[in-house]
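Before I ask anything, let me first share the structure, which is written out below as structure tokens.
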Amino acid sequence: MAYHSSDFEAAIGAAAGADEALQAELKAAFAQSVARQADLLGRARCDGNWRVAAERLGGLAASFHAHELAAMAREALEGAPGDPGIVVRIRNFSEELAFRD
């Protein structure tokens, strides 16, 4: 899986150095975390749960310098809780991560 952001790759490289196995493990952990938070966001039934899931996505994006995900997390926070459009876009992003190589 490769994320097409030089900042993302630099963050992974800084954390794992030249260890390709560790880089792959970090990328997989990122993908799993995004999928988990996207699921929680989609299942949120109150404003508080929506906000927590969106904030966690934003924190995850910031940790890995995933600017596209960070923008979507901000959009979720600034928009209406339960907005199906942003949930679909975040889920699509999450699913694409699993297929990138």
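Residue numbers run from 1 in the order of the sequence given. The structure displayed is predicted, hence computed values, not measured ones.
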Closest approach of L41 to A54 (non-hydrogen atoms, all atoms of both residues):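 For L41 and A54, the tightest heavy-atom pair comes out as CD1-N, 3.9 Å.
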Quick one: do E68 and R89 make a salt bridge, cutoff under 4.0 Å? no
S94 OG to Q32 CD distance, which is reported to the nearest 0.5 Å: 10.0 Å
Can you name the closest pair of heavy atoms from A61 and A70 and give their distance?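 In this case the closest contact between A61 and A70 is CB-N, 3.4 Å.
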Distance (rounded to the nearest 0.5 Å) between L57 CG and Q37 CD: 5.5 Å
Is a donor on one side and an acceptor on the other found under 3.5 Å between the side chain of Q23 and the backbone of I12?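 Here the side-chain-to-backbone pair does not exist.
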When you look at CD of E25, are more than 12 heavy atoms from neighbouring residues, nucleotides or ligands closer to it than 6.0 Å? no
Report the distance from atom CD of E78 to atom CG of D83, rounding to the nearest 0.5 Å.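 With rounding to 0.5 Å, CD (E78) is 12.5 Å from CG (D83).
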Among the clusters formed by ILVMFWY side chains lying less than 4.5 Å apart, do L26 and L97 turn up in the same one?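 Yes.
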CZ on F8 to NZ on K27, rounded to 0.5 Å: 6.0 Å
Identify whether the distance between the nearest side-chain nitrogen and carboxylate oxygen of R51 and D47 falls below 4.0 Å. no
Connected via hydrophobic side-chain network under 4.5 Å: F64 and L22: yes
If I take atom CD1 from residue I90 and atom CG from residue L69, how far apart are they, to the nearest 0.5 angstrom?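 The distance works out to 6.5 Å.
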When you measure from the side chain of W50 to the backbone N and O of L77, does any donor-acceptor pair fall under 3.5 Å? no
In terms of relative ring orientation, are F30 and F93 parallel, tilted or perpendicular, with 30° and 60° separating the classes?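 Rings of F30 and F93: perpendicular, over 60°.
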Closest approach of D39 to R91 (non-hydrogen atoms, all atoms of both residues):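 Between these two residues, the closest heavy atoms are O-NH2, 4.2 Å.
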